[in-house]
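First the structure, in the form of C-alpha cells, and then the observations on it.
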Amino acid sequence: MSQVRVRFAPSPTGFFHIGSARTALFNWLYARHTGGVFVLRIEDTDQARNSEAFLDVIYNSLSWLGLNWDEGPRVGGAHGPYRQSERGDIYRAYLEKLMASGRAYEKEGAVFFRISGEPQVIEDGIRGRVERTEEKDFVIVRSGGSPVFHFVNVVDDIAMGITHVIRGEDHLSNTSKHTELFKAFGAPLPVYAHIPLILKQNGPGKMSKRDQGALIEEYQRRGILPEALVNFLCLLGWNPGDNREKMPLAEIVRLFDLPGVNQSNARFDEKKLAHMNWTYLVELPPDAYVEQARAYFARLAAGPAAEGAARIDPLAADPAYFREIMLLGQPKVKAIEELPAYTAYFFTEDFGIDPKVREKVMAKGDPVARLRELIATLATADFSSDATLEAAVQALAARQGLGLGDYVHVGRLAVSGTNVGPSFFSLLRVLGPDRVRPRLDRFLATAAGGSI
RNA sequence: GCCCUCAUCGUCUAACGGUUAGGACGGGGCCCUCUCAAGGCCCAAAUAGGGGUUCGAUUCCCCUUGAGGGCACCA
C-alpha cells in the first residue's frame with residue numbers, strides 16, 4: 001500500500017482557531033501514526049485577505065503546538081509551491097482538461113462546472129457511508145479570473161497526491177462537489193474522514209473566532225502549556241479506549257486511528273483544559289517552570305499596563321529571588337496567569353492588607369500579644385531553612401501552650417497581607433529577616449493602634 | 001425551505017446485544033492541615049421520547065424531538 005499523505009490547508013485570516021488546531025492535530029497524528037506525510041498548504045486564493053503577517057500566525061501557532069510539517073512553506077517538497085496564490089499555472093492546466101472534456105463552460109464571464117447529477121457516495125473513515133446528490137452546476141472560476149475554493153482544493157489534492165482528507169464536519173456537505181470534480185478528472189477519490197466540530201462553551205453553535213477560548217495565540221499569551229493543550233484537544237473527539245487522559249504524545253500517536261474518532265460534536269470545556277494544564281504545570285522541571293513564569297511576566301510588562309496592578313516588576317528583582325518565589329508557587333497555583341497576584345507581596349512593600357482576612361484573624365484570641373511574641377522570637381531566629389524557622393515558632397507555641405496557628409495566622413497576615421500563600425515558614429525564609437522584621441513591626445503598629 | 005450529520009451524568013467520554021451503565025472535569029460532604037492548594041474517603045448526577053427486531057436492547061431498524069452543519073463569483 002502506498003504511503004499516506006494528509007494535508008492541513010488553512011487560509012490566512014490573521015487568526016488561528018482552536019478548531020483549525022484540532023483539524024491540524026488529527027491530520028498530524030494520522031500522518032505520524034501511519035508513517036505518512038503531513039503537508040501544509042496555504043489556501044490564499046482570496047487575495048483580499050492576505051499578508052505575510054497572517055501567514056506567520058499559522059506558522060507560529062503550528063510550531064508552538066509542535067505540529068511540524070513534512071512538506072509546505074519554509075520546508076519545501078516535491079509538490080510545491082504550497083501557496084495557492086502561486087499555483088495559477090496548475091489551475092489553468094486542470095481547467096483546460098475540464099473545458100476540453102466539456103465538463104466546464106463559461107457563462108456571463110465565470111466558469112461553471114457541469115455536474116453529473118449522479119448520487120455521490122463516500123465511505124467516510126469516521127462516519128461510514130454518506131450519500132448526497134449535487135443538484136446544480138457551480139462556479140469554479142470567478143468572472144475576475146480567480147479560481148474558487150472547491151476547484152483549487154480538489155486540484156491540489158490530486159496534484160499533491162493526498163490520500164486522506166481529514167477535515168471538519170462542516171465540509172461534509174461540500175464533499176459531493178469535490179467527488180464530482182475528482183471523477184471529472186478521472187482521479188481516484190481520497191479517503192474522507194469528517195471530524196466532529198467544537199461547539200462553543202456557552203450558547204448555541206460552533207466555536208467562532210469571537211468566542212472565549214477560540215484563538216490559539218490567546219492560550220500562548222496566557223501561559224497555557226502547548227503539551228497540555230494538545231493533550232486536551234486529542235481528547236475532544238478521540239480517546240484511547242481505556243480511562244487514560246493525561247498521556248504522552250508518543251503514546252497518542254501510537255494509538256490514534258480514524259475509526260476511534262467520535263462522530264458527535266464536542267462542547268469546549270475551559271475548566272477541564274485548566275485542569276489538564278495544571279497537571280502538566282506541576283510536573284514541569286524547576287528550570288522550565290521558572291522560564292514559563294519569566295516569559296509570562298515579560299509578556300505582561302510588554303503589554304498594556306493593567307490599571308492599578310502595575311508598578312510591580314518581578315523581573316527587576318534578583319533572579320535567584322524570583323526563581324525561589326516562582327517555585328514556591330508551582331505546587332500551589334493552578335495556572336501561570338495566577339502568579340502575579342499570588343506573588344505580588346514578595347516584590348513590593350506596598351502590598352495591601354485584605355480587610356476581610358484582617359477582620360477574621362484579629363477577632364480570635366489575642367493576636368497582638370501573639371505578634372509581639374513572634375517578633376521577639378524571629379528577632380533571633382535562624383532564617384536559613386524552613387525547618388529552623390518552624391522549630392523556633394513551634395517552641396514558642398509550646399512554651400505558651402498555644403497552637404501553631406495562633407502565630408502563623410497573624411504572622412502571615414502581617415508579612416503578606418493575605419491568608420493565601422505558601423507555607424508560612426517558606427514565606428519567612430524567602431522574604432528574609434530584612435523584609436520580615438519591618439513588616440511585622442509595621443503591622444504591629446497599626447494593629448495595636450499605635451500603643452506599643 | 002431543501003440537503004447532510006449527530007444524540008450516555010452539567011461537560012469530555014467508556015461500555016465487540018447480557019455491566020450494580022465505568023472514568024475524568026465541574027459540584028457537594030468528610031478527613032488531613034500553619035493559610036490556600038494538593039492528597040485520601042464518600043455523595044449527587046446520564047442511556048431524549050415512541051415504536052419495532054430479539055430470550056434480552058445504551059448498543060440494530062423506523063418515526064418524532066433536539067442539537068449541529070451545508071445550501072456564495074467565502075474558505
Side-chain angles (χ1 to χ4, degrees), chain A residues 9-13 20 42-46 48-49 84 107-112 120 124 126-128 130-136 138-153 167-177 194 196-202 204-206 232 234-246 262-276 278-279 282 329-334 338 342 357 360-361 390 393-394 397 403-413 416 418-428:
Chain A
S11 61
T13 57
S20 306
I42 304 296
E43 306 222 333
D44 56 352
T45 55
D46 185 6
R49 39 180 186 181
Q84 291 185 331
K107 187 182 159 195
E108 290 156 12
V111 180
F112 281 71
Q120 301 297 307
D124 192 278
I126 293 167
R127 283 151 212 288
V130 178
E131 177 181 327
R132 186 173 183 278
T133 305
E134 201 57 36
E135 276 165 3
K136 53 182 202 291
F138 56 91
V139 171
I140 53 176
V141 181
R142 300 184 187 88
S143 46
S146 60
V148 167
F149 163 73
H150 300 298
F151 177 69
V152 295
N153 188 268
R167 46 158 50 156
E169 200 236 47
D170 49 344
H171 282 294
L172 190 53
S173 293
N174 290 328
T175 306
S176 49
K177 287 189 176 70
H194 288 92
L197 302 180
I198 299 178
L199 268 27
K200 68 175 76 176
Q201 191 149 212
N202 309 301
K206 65 174 172 176
F232 173 79
C234 287
L235 262 19
L236 229 48
W238 176 87
N239 68 81
D242 46 37
N243 282 327
R244 281 181 298 171
E245 296 201 326
K246 183 169 188 287
N262 282 324
Q263 305 180 35
S264 50
N265 295 342
R267 203 163 291 274
F268 182 81
D269 186 356
E270 173 79 38
K271 287 227 180 80
K272 190 148 186 173
L273 169 63
H275 178 264
M276 178 65 78
W278 174 78
T279 66
V282 292
Q330 183 174 14
K332 298 286 197 166
V333 140
K334 301 283 283 186
E338 290 174 21
Y342 192 81
V357 177
K360 200 173 148 193
V361 169
E390 180 162 3
V393 179
Q394 283 281 19
L404 199 55
D406 292 305
Y407 294 95
V408 165
H409 296 320
V410 67
R412 174 187 299 282
L413 180 64
S416 73
T418 177
N419 63 344
V420 177
S423 152
F424 179 56
F425 306 105
S426 301
L427 203 51
L428 296 179

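All heavy atoms count here, side chains included; hydrogens, waters and symmetry mates do not. Per chain, numbering begins at 1; letters A, B, ... match sequence-line order.
- Atom pair Asn262(A):CG and rC6(B):P shows a separation of 12 Å (rounding to whole Å applied).
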Taking only nitrogen or oxygen atoms into account, show me every contact under 3.5 Å that the protein makes with nucleotides 17-22 of chain B, one pair per line with its distance.
| from | atom 1 | to | atom 2 | distance (Å) |
| --- | --- | --- | --- | --- |
| rG22(B) | N2 | Asn243(A) | OD1 | 3.1 |

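- Taking Arg267(A) as the reference, nothing meets the salt bridge (Lys or Arg N to Asp or Glu O under 4.0 Å) condition, with sequence neighbours excluded.
- Here Gly168(A) lies out of heavy-atom contact (under 4.0 Å) with every strand.
- Both distances falling under 3.5 Å, in either a Watson-Crick or a G-U wobble arrangement, place rA24(B) opposite rU11(B).
- Side-chain proximity of Asp269(A) to rA14(B), rU11(B), rG70(B): nearest is rU11(B).
- Using the Watson-Crick or G-U wobble rule with both distances under 3.5 Å, rC32(B) pairs with nothing in any strand shown.
- A gap of 44 Å separates the P atoms of rC4(B) and rA44(B), to the nearest Å.
- Here Asn174(A) lies in heavy-atom contact (under 4.0 Å) with a base.
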Just the table, please: protein N/O against nucleotides 64-66 of chain B N/O, every pair under 3.5 Å.
none

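- For the P atoms, the distance linking rA7(B) with rG49(B) amounts to 15 Å, nearest Å.
- At the heavy-atom level, Arg412(A) lies under 4.0 Å from base atoms of the strands shown.
- Defined by atom type and a distance below 3.5 Å, a donor-acceptor pair is present between the side-chain atoms of Asn153(A) and Glu43(A).
- Minimum atom distance to the side chain of Phe424(A) is reached by rC34(B), of the listed rG39(B), rC36(B), rC34(B).
- No hydrogens or angles were tested; on distance alone, a donor-acceptor pair under 3.5 Å links the side chain of Ser423(A) to the base of rC34(B).
- With sequence neighbours excluded, the residues forming a ring-ring contact (aromatic ring centres under 6.0 Å, His included) with Phe268(A) are Phe232(A), listed by chain and number.
- On the P atoms, rG18(B) is 37 Å away from rG28(B), given to the nearest whole Å.
- Contacts of Glu135(A) with the nucleic acid, taken as non-hydrogen atoms under 4.0 Å apart, are absent.
- The same atom, C1', is picked in rG69(B) and in rC63(B); the two are 22 Å apart, to the nearest Å.
- rA37(B): no Watson-Crick or G-U partner with both key distances under 3.5 Å is found in any strand.
- Closest contact between the side chain of Tyr342(A) and the listed nucleotides rU35(B), rU13(B), rC36(B) involves rC36(B).
- For rC6(B), the paired base is rG66(B) (Watson-Crick or G-U wobble, both distances below 3.5 Å).
- Heavy-atom nearest nucleotides on RNA chain B were determined for Leu199(A) and for Glu169(A), and the one closer to the 5' end corresponds to Glu169(A).
- No N or O donor and acceptor, one from the side chain of Lys334(A) and one from the base of rA37(B), sit under 3.5 Å apart.
- With Thr175(A) as the partner, the side-chain hydrogen bond (donor to acceptor under 3.5 Å, both in side chains) test is satisfied by one option alone out of Gln120(A), Arg132(A), Arg167(A): Arg167(A).
- Glu270(A) is linked by a salt bridge (Lys or Arg N to Asp or Glu O under 4.0 Å) to Arg222(A), counting only residues two or more places apart in sequence or in another chain.
- Closest approach to the Phe149(A) side chain among rA75(B), rU13(B), rC34(B) is made by rA75(B) (side chain taken as heavy atoms from C-beta onward).
- Comparing Gly109(A) and Lys332(A), the nucleotide of RNA chain B nearest to each residue sits closer to the 5' end for Lys332(A).
- Every residue meeting the ring-ring contact (aromatic ring centres under 6.0 Å, His included) condition with Phe112(A), not counting sequence neighbours, appears here in chain and number order: Tyr105(A).
- Atom CH2 of Trp278(A) is separated from atom P of rG39(B) by 5 Å (rounded to the nearest Å).
- For Lys246(A), the salt bridge (Lys or Arg N to Asp or Glu O under 4.0 Å) partners at least two apart in sequence or on another chain are Glu283(A).
- Every salt bridge (Lys or Arg N to Asp or Glu O under 4.0 Å) that Lys272(A) has, sequence neighbours left out, goes to Glu245(A).
- Here the side chains of Arg127(A) and Pro196(A) are in contact, with some heavy-atom distance below 4.5 Å.
- In this view, Glu108(A) satisfies the side-chain hydrogen bond (donor to acceptor under 3.5 Å, both in side chains) rule with no residue, not counting sequence neighbours.
- Rounded to whole Å, atom C1' of rC73(B) lies 8 Å from atom CZ of Phe112(A).
- Contacts of Ser264(A) with the nucleic acid, taken as non-hydrogen atoms under 4.0 Å apart, involve only primed sugar atoms and P, OP1 or OP2.
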